[in-house]
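Being a predicted model, the structure only gives us computed values, none of them experimental.
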Amino acid sequence: MNSIPKNKHPRPDRMRNDWLCLNGEWDFEIDNEKLGTDREFFKRESLDGKITVPFCPESKLSGVEHKDFMKSVWYRKNISLPQEWSDKRVILHIDACDFEAVVYVNGTKVGTHRGGYTSFEFDITDYLCDSKNYITINANDDIHSWRQAAGKQSHEQESFGCFYTRTTGIWQTVWLEAVEQARVVSYKVFPNISSPSVSLDVKTANAIGAKLSVKAYYEGRLVGQSDSEVFSNITTLNIPLSETHLWECGCGRLYDLEFTLENGGKVDKMSGYFGLREVSITKEKGLQINGKTVFGRFILDQGFYPDGVCTAPDDNALIFDIEASMACGFNGARLHQKVFEPRFLYHADRLGYMVWAETGNWHLDHTYSDAIYWFLPEWLEEIERDFSHPSVIGWCPFNETWEMNGRPQCNEFLDTVYDITKAIDPTRPVITASGSFPTERTDIHDVHDYEQNPESFKSYYSEIDKGIVRDQIYRQFPGLQRYNPELPVFVSEYGGIKWVADSADSGWGYGNSVDSEEEYFSRLKGLTDVLLDNGKIFAFCLTQLTDVEQEVNGLLTYDRKFKFEPERFKEIFARKSVIEE
């Protein structure tokens, strides 16, 4: 058995041959008094315990399984670099560390990153020695500060309601990469299906005057190429394509990219990919992929695992969740209150699986405008990292921004995030705040509704053409005018029906429990039919793909067993909707 967990390249969209996975055993120590910096833990030759990275210390797979609050934790690992890297720059990548990470190399501080969900990197070349090297990482975490986004992590001692086991410290892959001084850093994809062609904004470093060449392939065949001299940090290239293969639901049809940067006799190579896909959502035509109306059949996916908490145990687990969803008749997911790892998005890309990209905004106090200083940097990192994934059809920065401590949400904060998101990515729709109180700026009227009676459910959405949507917020605050009739309508949470085969009394779901399998499917079909048969609704999202700890309203159990045959679910969710007809 391979001793290095999750050792596949973490960024299929940004691959080089020279890379080294640092997952596996690290020294580890909990520092709840936060004395480690003063006591110079970063210079110690070892720490008191061991942990298996990239699994959080709360998880079983980490080997620690410490579930109490941890304000500060330390990691240490000796590293050996390949001899052939001696004349290259060495980049340390940490794909996620919750919440604030301070990184040291050989006892010297390299840098700090704040944000528990996004990837970051440091050039550590100048901190390395010729012989033995070691990396130390200090992670500080306090979800009670209300200044950090923590998603569904429980702020109480134990899990409760829809809050689950916490994640502290490193929870995604740590890896090294060797690059040339002049190198390709990243790229953004702008597909054009009518040409067909693709425009690329290629970001480079230390490359002024270098020669940049990008080739596009489809199934090994060269289908386009563009070359340019580099005059700035961003070089825009347009590549006409000799073959047209559209990215569609169920068919990824990905093109491969090969980047070559020549500078002073040195050659930097990087590979990536893209999908030829355009997306739009309008009131009149609903969701369109490449100009074709597609009803959005989404499932709520929270990305929690029994042994890994927020970290999938391996690549097969990521693939399974997507394929299980598709087997039940869904064509996409809301990636809920969490930033999913790039390899999940890669598999969604290649399988033709649509996703709404979110972040874990819960626990951040959104009632003050200065929350933007804590939220925005991490949100921009997510957009930058995941911009070119064709599976990502839209952004959703906030979910259910209810009152906090008796104060209402700060619309100025939310609307500013919308404006910035649209400025950075004008190619995708944005749901500013899913299932929340109204904001000035959003592309979609997004509602949550856990009504369990299909007839009542139908009546709430029967007058959309008159500008009336009686979702659960409207029913709670009947004087509140929420619905902008110019916006398309997305019921992005519904269902949530509890089903536990062995015990009807364990766990919880939304509304009253059903008493039989017949009642379960009758209710599930009745609620879903309301949405499929309403031509003013362009998509739904069912709660949810799997049970998560005490929440038992998934189509699968927490350990990924189907509660019923997937074909029975597919009959309900996959049938043609009115808007498609």
Trainee: For the residue pair R428 and F387, would you count it as a cation-pi contact if the rule is NZ or CZ under 6.0 angstrom from the ring centre and within 45 degrees of the ring axis?
Mentor: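 That pair qualifies as a cation-pi contact.
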Trainee: Does Y368, at its OH atom, have more than 12 non-hydrogen atoms belonging to other residues, nucleotides or ligands within less than 6.0 Å?
Mentor: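 Atom OH in Y368 is not crowded, with 12 or fewer foreign heavy atoms closer than 6.0 Å.
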Trainee: In terms of ring plane angle, is the pair Y494 and F457 parallel, tilted or perpendicular, where the classes change at 30° and 60°?
Mentor: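 Plane angle under 30°, so parallel.
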Trainee: For I537 and F295, work out which heavy atoms get closest and say how close.
Mentor: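 Distance-wise, the nearest heavy atoms are O-CE1, 3.3 Å.
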Trainee: Restricting to salt bridge (Lys or Arg N to Asp or Glu O under 4.0 Å), what partner residues turn up for E384, sequence neighbours left out?
Mentor: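 With neighbours one apart ignored, the set is K188.
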Trainee: Mind checking whether Y510 and Y450 have parallel, tilted or perpendicular rings, split at 30° and 60°?
Mentor: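 Because their plane-to-plane angle is under 30°, the rings of Y510 and Y450 count as parallel.
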Trainee: What are the two closest heavy atoms between Y117 and K338, and how far apart are they?
Mentor: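 The pair with the smallest heavy-atom distance is CE2-CA, 3.9 Å.
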Trainee: Please say whether more than 12 non-hydrogen atoms of neighbouring residues, nucleotides or ligands are located less than 6.0 Å from CD in E517.
Mentor: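 Result for CD/E517: enclosed.
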Trainee: Can you tell me if N453 has over 12 outside heavy atoms packed within less than 6.0 Å of its CG?
Mentor: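 Yes - once you tally the heavy atoms of other residues, nucleotides and ligands closer than 6.0 Å, there are more than 12.
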Trainee: Between the side chains of D425 and W395, is a donor N or O closer than 3.5 angstrom to an acceptor N or O?
Mentor: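 On atom types as modelled, these side chains qualify, holding a pair under 3.5 Å.
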Trainee: Hey, which of W362, Y164, F160 is the one that makes ring pair (Phe, Tyr, Trp, His ring centres under 6.0 Å) with H155?
Mentor: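 Among the candidates, only F160 passes.
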Trainee: For the ring pair F564 and F521, is the centre-to-centre distance below 6.0 Å?
Mentor: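 Aromatic pair counts; centres sit under 6.0 Å.
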Trainee: Is the distance between the ring centroids of F490 and F298 under 6.0 Å?
Mentor: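 Yes, close enough.
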Trainee: Compute both the distance and the angle, then confirm whether R470 meets the cation-pi test with Y461: under 6.0 Å from the six-membered ring centre, within 45 degrees of the axis.
Mentor: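 The answer is no, since R470 fails at least one limit relative to Y461.
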Trainee: Should the pair H363 and W146 be assigned to parallel (<30°), tilted (30 to 60°) or perpendicular (>60°) ring geometry?
Mentor: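 Geometry flag for W146 against H363: parallel rings.
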Trainee: For the ring pair F573 and F330, is the centre-to-centre distance below 6.0 Å?
Mentor: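 Ring-ring flag for F573/F330: true, centres closer than 6.0 Å.
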